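First up is the structure itself, then whatever we jot down about it.
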Amino acid sequence: PRQWNALKFLNEKGEFLYNVIMPGLEISAQALWSQAAKLPEIEIVKPPSILSKNTESSMRAGVVYGYIGGTEYIINKMKEEIGRDDIKVYATGGLGRVIYNETPMIDVYDPDLAYKGMKIIYDKNK
């Protein structure tokens, strides 16, 4: 599994301009249970509330809601520095589904976007 995520900015021509790399949901959760002796391994799912009373739910809340907040901040900061608010934001990959419905900052979720891009590159070069 991929342990990092990249937030990329492409212009209207599809040219890569900017990139932000951050720890992924998996590595964030794994850091908790591997670096703290008493914390258990957890499944990465959104808890019903951010207000948690037990260890597993508290860890899920911190990892999932923290990731959503970090993603929203980065998207807002990129829009601010680029000077545009009309940027379409895509989430991709398996865990993109965890946060897609949790933030209005993501316009489209496509779990196969990377594969579609590789197919375009393949077709152009065959």
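We use all heavy atoms of the structure for the numbers below, so side chains are in, but hydrogens, waters and symmetry mates are not. Just so we're clear, the structure is a prediction, and the values are computed from it rather than from any experiment.
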Measure the [atom1]-[atom2] distance between [X] and [Y] for me, rounded to the nearest 0.5 Å.
X: M78; Y: Y73; atom1: CE; atom2: OH; answer: 12.5 Å
X: K88; Y: D107; atom1: NZ; atom2: CG; answer: 6.0 Å
X: I68; Y: N101; atom1: CD1; atom2: CG; answer: 10.0 Å
X: W33; Y: E41; atom1: CH2; atom2: CD; answer: 4.5 Å
X: I74; Y: M22; atom1: CD1; atom2: CE; answer: 4.5 Å

**Request:** Report yes or no: does D112 contribute a side-chain atom to a donor-acceptor pair with the main-chain N or O of Y115 at less than 3.5 Å?
**Result:** no
**Asked** Are any side-chain N or O atoms of S49 and backbone N or O atoms of L51, one a donor and one an acceptor, separated by less than 3.5 Å?
**Response** yes
**Prompt:** Is there any salt bridge (charged side-chain N to carboxylate O under 4.0 Å, His left out) pair reaching into residues 49-68, and which pairs are they, with sequence neighbours excluded?
**Reply:** none
**Cluster check V64, Y109: I/L/V/M/F/W/Y, side chain < 4.5 angstrom** = yes
Residue pair [X] / [Y]: nearest heavy atoms and the distance that separates them:
X: M59; Y: I42; result: CB-CD1, 3.7 Å
X: M105; Y: V89; result: O-CB, 3.3 Å
X: V108; Y: Y100; result: C-CE1, 3.7 Å
X: I27; Y: P23; result: CG2-CB, 3.4 Å
X: L39; Y: L32; result: CD1-O, 3.7 Å
X: T92; Y: D110; result: OG1-O, 2.7 Å

**Asked** Has F16 got more than 12 heavy atoms of other residues, nucleotides or ligands less than 6.0 Å from its CZ?
**Response** yes
**Request:** Return the set of residues passing side-chain contact (heavy atoms from CB on, under 4.5 Å) with I50 (not counting sequence neighbours), or none when no residue passes.
**Result:** A61, Y65
**Item:** Under the ring-ring contact (aromatic ring centres under 6.0 Å, His included) test, residues paired with Y90 that sit two or more places apart
**Value:** none
Side-chain contact test, heavy atoms from C-beta onward, threshold under 4.5 Å: evaluate it for [X] versus [Y] and give yes or no.
X: I106; Y: I99; result: yes
X: E72; Y: Y67; result: no
X: L25; Y: V98; result: yes
X: K8; Y: Y18; result: no

